Novice: 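So that we are looking at the same thing, I have put the structure below in structure tokens.
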Amino acid sequence: IMSLLFLDKIVLFLGATDSIFEMVKSYLKIIILFIVFYIVSYALEVLIKTDGYPHLSTIGVIISALTNIILDYVFVIKFNWGVEGAAFATGLARVFSFIFFLIHFLGKNSKLKFCKFKFELRVLKRITSIGFSDCATELSIGIVILLFNQFIIKYLGEGALVSYSVISYVNTLV
């Protein structure tokens with residue numbers, strides 16, 4: 001809700017120029033609606049590895065990637081929805097991976113099960129101490145990507161940023 005309320009400020013913070021401001025805003029407005037699926041899908045992807053099924057994690061990521069590619073084609077090219085179509089494709093791809101991972105954890109093969117949460121300060125302190133380094137790593141990666149993108153757009157322009165984004169996505173997929 002806060003992201004939607006401060007969407008213009010977030011778009012500016014991300015480095016959008018006047019010529020792409022509205023496209024970035026349109027994309028983010030839709031992506032924000034899917035953010036819960038994004039976060040939970042990523043968490044389940046990590047937990048499924050912990051549960052002893054790393055191959056299912058890979059399958060879930062492939063499902064998400066292929067769904068995104070197919071829906072991008074349908075929404076952007078066939079339906080001519082533009083950047084909004086790309087956002088819906090990305091969001092729905094995460095919904096599919098979320099469902100795939102959730103089915104595993106609700107099934108009989110999962111060793112990890114959902115349970116009622118009991119708040120215990122001692123456990124929270126332990127989780128925080130264990131997870132702090134990973135949190136710092138993930139946060140620093142995000143900051144580096146943000147700064148890198150802003151430098152590219154400032155010194156090389158929007159075309160270079162688009163090219164770099166495509167190369168990064170291909171690199172990640174490969």
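What you are looking at is a predicted structure, and each value in this text was computed from that prediction instead of being measured.
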Novice: Should the ring pair F79 and W81 be called parallel, tilted or perpendicular, given that the plane angle runs from 0 to 90° and is split at 30 and 60?
Specialist: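 Geometry flag for W81 against F79: tilted rings.
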Novice: May I ask you to test the L161-N149 pair for a side-chain heavy-atom distance under 4.5 Å?
Specialist: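 When only atoms from C-beta onward are counted, N149 and L161 do touch, with a gap below 4.5 Å.
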Novice: Hey, is CZ on F114 packed in by over 12 heavy atoms from elsewhere, all under 6.0 Å?
Specialist: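 Yes.
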Novice: Would you compute the distance between atom OH of Y38 and atom OG1 of T90 and round it to the nearest 0.5 angstrom?
Specialist: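 Answer rounded to 0.5 Å: 5.5 Å.
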Novice: Could you state whether L102 and L47 fall into the same hydrophobic cluster, counting links through intermediate Ile, Leu, Val, Met, Phe, Trp or Tyr residues with side-chain heavy atoms under 4.5 angstrom apart?
Specialist: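 Hydrophobic grouping puts L102 with L47.
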Novice: Mind checking the CD1-NE2 spacing from I62 to H55? Nearest 0.5 Å is all I need.
Specialist: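 Those atoms lie 11.5 Å apart.
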Novice: Is F88 close to L71 at the side-chain level, that is, under 4.5 Å between some pair of heavy atoms?
Specialist: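 No. Closest side-chain heavy atoms not under 4.5 Å.
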Novice: Establish whether F96 and V74 are linked, either directly or via other cluster members, by ILVMFWY side-chain heavy-atom contacts under 4.5 Å.
Specialist: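 Yes; tracing contacts between hydrophobic side chains, which count when under 4.5 Å, links both residues.
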Novice: I69, I30: one ILVMFWY side-chain cluster at the under-4.5 Å cut-off?
Specialist: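 I69 and I30: separate clusters.
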Novice: Which atom pair, heavy atoms only, marks the closest approach of V24 to A16?
Specialist: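 Where V24 meets A16 most closely, the heavy atoms are CG2-CB, 4.0 Å.
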Novice: Say you draw a straight line from NZ of K113 to NZ of K108; how long is it, rounded to the nearest 0.5 Å?
Specialist: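 Interatomic distance, K113 NZ to K108 NZ, rounded to 0.5 Å: 10.5 Å.
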Novice: Might you point out which heavy atoms bring I48 and S57 nearest each other, and give the distance in Å?
Specialist: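 It is CG2-CB, 3.4 Å.
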Novice: Using the rule side chain to side chain contact (heavy atoms under 4.5 Å, CB included), only one of V83, V162, I153, V11 pairs with I20; which is it?
Specialist: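 Exactly one option meets the side chain to side chain contact (heavy atoms under 4.5 Å, CB included) with I20, and it is I153.
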Novice: Check for me, please, whether I70 and V61 land in the same ILVMFWY cluster - side-chain distances under 4.5 Å, paths through other members count.
Specialist: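 No, I70 does not connect to V61 through the hydrophobic network.
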Novice: Other residues, nucleotides and ligands only: do more than 12 of their heavy atoms fall within 6.0 Å of NZ on K111?
Specialist: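 Count over threshold, so yes.
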Novice: Could you tell me which non-hydrogen atom of A89 sits nearest to which non-hydrogen atom of D72, and how far apart they are?
Specialist: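 Smallest interatomic distance, heavy atoms only, reads CB-OD1, 3.2 Å.
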Novice: For a 4.5 angstrom cut-off between non-hydrogen side-chain atoms, does L92 reach F34?
Specialist: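 A side-chain contact under 4.5 Å exists here.
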Novice: Decide yes or no for V36 and F98: does some side-chain heavy atom of the first lie under 4.5 Å from some side-chain heavy atom of the second?
Specialist: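 In short, these two side chains do not touch, never coming nearer than 4.5 Å.
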Novice: So how far is it from S163 OG to L156 CG, rounded to the nearest 0.5 Å?
Specialist: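 These two atoms lie 10.0 Å from each other.
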Novice: What are the two closest non-hydrogen atoms of I32 and S3, and how far apart are they?
Specialist: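 Nearest heavy atoms, I32 then S3: CD1-CB, 3.5 Å.
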Novice: Among T128, L124, V123, I130, exactly one meets side chain to side chain contact (heavy atoms under 4.5 Å, CB included) together with R126. Which residue is that?
Specialist: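 Among T128, L124, V123, I130, the one that satisfies the side chain to side chain contact (heavy atoms under 4.5 Å, CB included) with R126 is I130.
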Novice: Rounded to the nearest 0.5 Å, what's the gap from CD1 on I1 to CZ on F6? Could you check?
Specialist: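 It comes to 12.0 Å.
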Novice: State, yes or no, whether a side-chain contact exists between D51 and L56 at a heavy-atom distance under 4.5 Å.
Specialist: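 They are not in side-chain contact.
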Novice: Tell me, please, whether F37 has R94 positioned over its six-membered ring: NZ or CZ under 6.0 Å from the ring centre and within 45 degrees of its axis?
Specialist: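 Here R94 fails the 6.0 Å and 45° test against F37.
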Novice: Does the S140 side chain pair with the main chain of A136, one donor and one acceptor, at a distance under 3.5 Å?
Specialist: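 Present.
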Novice: Considering residues, nucleotides and ligands other than K78, do more than 12 of their heavy atoms fall under 6.0 Å from its NZ?
Specialist: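 No, the 6.0 Å shell around NZ holds no more than 12 heavy atoms from other groups.
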Novice: Do V95 and L106 sit in the same hydrophobic cluster, where Ile, Leu, Val, Met, Phe, Trp and Tyr count as joined when their side-chain heavy atoms come under 4.5 Å apart?
Specialist: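 V95 and L106: one cluster.
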Novice: Is there a donor-acceptor contact under 3.5 Å from the side chain of E84 to the main chain of K29?
Specialist: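 Not at all, since once roles are kept as given, no pair shorter than 3.5 Å links the two residues.
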Novice: Would you check if Y53 and N109 make a side-chain contact, meaning some heavy-atom pair closer than 4.5 Å?
Specialist: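 Contact flag for Y53/N109 side chains = yes.
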Novice: Where is the tightest heavy-atom contact between S97 and G60, given as atom of each residue plus distance?
Specialist: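 That would be CB-O, 3.6 Å.
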Novice: Can you confirm whether V40 sits close enough to F101 that some side-chain heavy atom of one is under 4.5 Å from a side-chain heavy atom of the other?
Specialist: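 No, every pair of side-chain atoms sits at 4.5 Å or beyond.
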Novice: Any chance CZ of F21 has more than 12 other-residue heavy atoms, nucleotides or ligands included, within less than 6.0 Å?
Specialist: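 Buried by this count: over 12 neighbours within 6.0 Å.
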Novice: If I take atom CG from residue L44 and atom CD1 from residue I103, how far apart are they, to the nearest 0.5 angstrom?
Specialist: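 If I round to the nearest 0.5 Å, the distance is 11.5 Å.
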Novice: Can you tell me if CZ on F105 sees more than 12 non-hydrogen neighbours from other groups inside 6.0 Å?
Specialist: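 Correct, the count exceeds 12.
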